[in-house]
There are 2 protein chains.
Amino acid sequence: MPPRATQKQSEPDAVLVSQDVLSRLKGDILDGRFAPGARLRFAELQKTYEAGIGTLREALSHLLPEGLVELDANRGFRVAAISAEDLRDVSALHIEFEQRAIVESVRHGDDAWEAGLVLAFHRLAKIERLPREERRQRSSEWLAAHREFHRALVAACPSRWLLRLRAQMYDHMERYRLVSQRHRPLGPAKRAEHEAIRDAALARKPEQAGELLAAHLRETTETVLRHAPQFMPPP
Amino acid sequence: MPPRATQKQSEPDAVLVSQDVLSRLKGDILDGRFAPGARLRFAELQKTYEAGIGTLREALSHLLPEGLVELDANRGFRVAAISAEDLRDVSALHIEFEQRAIVESVRHGDDAWEAGLVLAFHRLAKIERLPREERRQRSSEWLAAHREFHRALVAACPSRWLLRLRAQMYDHMERYRLVSQRHRPLGPAKRAEHEAIRDAALARKPEQAGELLAAHLRETTETVLRHAPQFMPPP
DNA sequence: GCGGGCCATATTTTCGAAGATACTTGATTG
DNA sequence: CAATCAAGTATCTTCGAAAATATGGCCCGC
C-alpha cells in the first residue's frame with residue numbers, strides 16, 4: 001500500500017507532534033490555565049492534547065530545565081510554583097538581560113532589523129487600537145504581537161546566549177503577568193511607551209532605548225507585585 | 001515470572017532511570033566522549049546506556065533547552081556544535097555570573113556555607129596533591145571536586161536564578177575545557193588561585209573574591225582560546 | 001478510639017513494536 | 001555522463017501495554 005501521496009517537496013511544517021504539544025503546553029502554563037503548583041496527570045493531559053504518554057513526557061522534560069515544571073520521582077510533574085521572591089529574582093535578571101540586549105541590538109542592527117521592528121510595532125499597535133472588548137477576545141493575538149515586538153527590539157544583539165536567557169526570563173515574566181491579571185484590573189495601555197522605545201531604537205540611541213525599556217519593565221513588575229497578595233500562595 | 005526480588009524498603013536512591021541516563025549522557029557530552037556535532041543514534045545509545053528509546057528521548061529532551069544537544073525534525077538529535085564565537089559568548093556570561101554570584105554569596109554566607117567551602121577546597125586540594133599520573137587516572141574525581149568547589153563558592157548567593165544560569169554556563173565552559181584539553185598540554189595547576197579565592201571569600205571580601213574568581217576564569221578561557229584552532233571546526 | 005499493617009486502586013515510569021520519514025543504492029533516460 | 005526516479009534500508013517518531021511505585025481505605029488488635 002502506498003503510504004499516502006508521495007509529496008517529495010519537504011513541507012515547511014514538517015513539525016513533530018512533541019514540538020506541537022510542547023508549545024501548547026507551555027502556552028497553557030504561561031497563561032495560567034494550569035495553576036502554579038498543580039499536578040499534571042497523564043490521563044488528563046492525554047485527553048487534552050491527544051498525544052501518547054511518551055510524547056507528553058518528552059514535552060514535559062523539555063520544560064523541566066526551563067523551570068516551568070518540576071518533577072519529583074514517582075510522583076510525576078507539577079507546574080512550578082510562584083512566589084513574590086521568585087518574581088523579584090526573575091524580574092531583576094529579566095530587566096537586565098533586556099536592557100543589555102537592546103543596547104547591543106541597537107548598536108548592531110541593520111536595515112532588515114529596522115524593518116522587522118517597524119513591522120512588529122505596527123502589528124502590535126494595530127491590535128491595541130481595537131476596542132477594549134474585541135481586544136479581550138483576541139488576547140492571544142495581542143500576547144503574540146507583544147512578544148514579537150519585544151523580540152524584534154533585541155533581535156540584532158549578537159550574543160546568542162544573551163538572547164536565549166532573555167527569552168527564558170521573558171517567559172517567566174509573562175506567566176506572572178498573566179496569572180496576576182486575573183486578579184487585578186487591566187493595566188493602562190502601554191502603547192506610548194512601546195512607541196518611545198521603538199523611536200529611540202530607530203534613532204540609534206542605545207542607552208536611551210535601554211533606559212526606556214528597563215523603566216517600562218520595572219513598572220510592569222511593580223504593578224504585578226502590588227497585587228501579588230491576591231494571587232500568591234499564602235505560605 | 002517474578003519481576004525481580006521485591007525489596008520493599010524504599011531505597012534512598014529511589015532515582016529515575018531517565019535521570020540516571022540524563023546525568024551519564026550529560027557527562028559524556030561534557031567530556032567530549034561524544035564529539036561536538038556528532039549524531040546521537042538511538043541504536044547506539046540503547047546499547048551504551050541500557051535504556052529504552054522513550055527513556056533516552058526524555059533525557060535528550062532535557063538537554064535540548066540547556067543547549068547541549070540539538071534536534072532537527074525526523075533527523076534526530078545531535079551534540080551541539082562548538083565554535084570560537086560561541087566560546088567567547090559563553091565565557092563572557094559565565095564569568096559575569098560567577099563574579100556576581102560569589103559577591104552575593106560572600107555577603108550572605110553563614111557558618112554552614114563557610115564549612116562547606118572549607119571542605120570542598122580540602123577535597124579538591126587533596127586530589128591535586130596526588131602525583132600527576134594518578135591524577136590522570138582519577139580525572140573524573142578531580143572534575144567533580146573542582147565543580148563542587150566552584151559551586152560551594154557561590155552557594156550562599158540568594159538568587160536562585162543566578163545560580164541556575166551560572167550552573168548552565170559552567171557546564172558549557174567545562175565542555176570547552178575538556179574538549180580542548182585533548183589537543184593541548186595540560187595547563188599549570190591552579191591550586192594557588194583556588195586557595196586565594198577561598199581565602200578572600202572566608203575573609204569576607206566580596207569584591208576581592210569576585211575579582212580573583214573572574215581573573216581565574218578569564219585565564220582559563222584564554223588558554224582554551226589560544227589552542228582553539230586545533231580542535232575547532234574549520235569553517 | 002487509634003495507630004499500624006495490608007489489600008485495592010490510582011498513577012507514574014519504562015519499554016519496544018509499529019508507523020513515518022529520511023537516506024542509499026542502482027537502474028534508466030535524456 | 002548527469003540527472004531522475006524507485007525500491008530497499010536505516011533511522012526516527014509515536015503510542016499504549018505492562019511493570020513499578022504511590023495512595024487511599026479497611027480491618028484488626030490494643
Side-chain angles (χ1 to χ4, degrees), chain A residues 1-25 29 34-35 37-65 68-80, chain B residues 1-25 29 34-35 37-65 68-80:
Chain A
M1 175 173 60
R4 213 186 284 197
T6 14
Q7 34 194 6
K8 187 57 184 291
Q9 71 275 24
S10 54
E11 292 279 329
D13 59 344
V15 85
L16 268 40
V17 173
S18 60
Q19 297 293 308
D20 182 51
V21 169
L22 170 61
S23 67
R24 284 193 287 155
L25 193 47
I29 289 173
F34 292 109
R39 277 192 72 177
L40 295 166
R41 288 192 177 80
F42 285 104
E44 185 189 353
L45 298 178
Q46 232 170 340
K47 288 175 198 163
T48 306
Y49 298 101
E50 294 170 325
I53 292 176
T55 307
L56 288 164
R57 277 192 85 86
E58 188 172 333
L60 290 167
S61 297
H62 192 123
L63 294 175
L64 213 40
L68 285 172
V69 304
E70 292 161 357
L71 169 67
D72 35 15
N74 296 320
R75 290 181 36 88
F77 292 87
R78 290 189 322 279
V79 178
Chain B
M1 176 172 58
R4 211 185 284 199
T6 11
Q7 33 193 8
K8 187 55 184 296
Q9 72 274 25
S10 56
E11 293 279 330
D13 58 343
V15 85
L16 267 41
V17 173
S18 60
Q19 298 293 306
D20 181 52
V21 169
L22 171 61
S23 67
R24 285 193 287 156
L25 193 47
I29 289 173
F34 293 108
R39 279 191 70 179
L40 295 165
R41 289 193 177 79
F42 284 105
E44 185 189 351
L45 298 179
Q46 232 170 339
K47 288 175 197 160
T48 306
Y49 298 100
E50 294 170 325
I53 293 176
T55 307
L56 288 165
R57 277 192 84 86
E58 188 173 331
L60 290 167
S61 297
H62 191 125
L63 294 175
L64 213 39
L68 285 171
V69 304
E70 292 161 356
L71 169 68
D72 35 19
N74 296 319
R75 289 179 38 87
F77 292 86
R78 290 188 322 280
V79 179

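Only this structure's heavy atoms are used, side chains among them; waters, hydrogens and symmetry mates stay out.
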Problem - Rounded interatomic separation in angstrom, taking CG from A/Leu40 and P from C/dT13 - result: 12 Å

Fill in the blank from the handout: Atom CG of A/Leu16 and atom P of D/dC15 are separated, to the nearest Å, by 11 Å

Practice task
Determine: side-chain N/O of B/Ser18 to OP1/OP2 of C/dT14, distance under 4.0 Å, yes or no.
Solution key: yes

Handout entry: Side chain proximity check, B/Asp72 to B/Arg78, heavy atoms < 4.5 angstrom
Key = yes

Completion exercise
Ranking C/dT14, C/dT13, D/dT14 by distance to the side chain of B/Thr55, first place goes to C/dT14

Handout entry: Selected nucleotide, minimal atom distance to B/Arg39 side chain, candidates D/dT11, D/dT13, C/dT14
Key = D/dT11

Practice task
Test side-chain contact (heavy atoms from CB on, under 4.5 Å) on A/Leu45 and A/Ile53 and set out the steps.
Solution key: CA-CA 9 Å; A/Leu45 298 178; A/Ile53 292 176; over 6 Å; no

Exercise for the section: Check whether any side-chain N or O of B/Arg57 sits under 4.0 Å from OP1 or OP2 of D/dC12, and answer yes or no. Expected result: no

Practice task
Grab the CG-C1' distance between A/Leu56 and C/dT12 for me, whole Å please.
Solution key: 13 Å

Completion exercise
Checking C/dT12, D/dC12, C/dG16 against the side chain of B/Phe42 (C-beta onward), the nearest is D/dC12

Practice task
Send over the distance from B/Asp72 CG to D/dT13 C1', rounded to a whole Å.
Solution key: 14 Å

Problem - Shortest side-chain distance from A/Asn74, nucleotide among C/dG16, D/dT14, D/dT21 - result: D/dT21

Completion exercise
Here the distance between atom C1' of D/dT9 and atom CZ of B/Arg41, to the nearest Å, is 13 Å

Problem - B/Leu25 side chain near B/Leu68 side chain, heavy-atom distance below 4.5 Å - result: no

Problem - Nearest to side-chain heavy atoms of A/Gln46, which nucleotide of D/dC15, D/dG16, D/dC12 - result: D/dG16

Problem - Integer-rounded Å distance: C/dT13 P and A/Leu45 CG - result: 12 Å

Practice task
Please report, rounded to the nearest Å, how far the P atom of D/dC12 is from the CD atom of A/Glu58.
Solution key: 13 Å

Fill in the blank from the handout: Residue pair A/Gly76/B/Ala51 against DNA chain C: nearer the 5' end by closest nucleotide is A/Gly76

Handout entry: Mutual orientation of the aromatic rings belonging to B/Tyr49 and B/Phe34 [parallel < 30°, tilted 30-60°, perpendicular > 60°]
Key = tilted

Fill in the blank from the handout: Residues A/Ala51 and A/Leu56: closest non-hydrogen pair is O-CD1, 3.9 Å

Fill in the blank from the handout: Rounded to whole Å, the CD-P distance (B/Glu44 to D/dT11) equals 10 Å

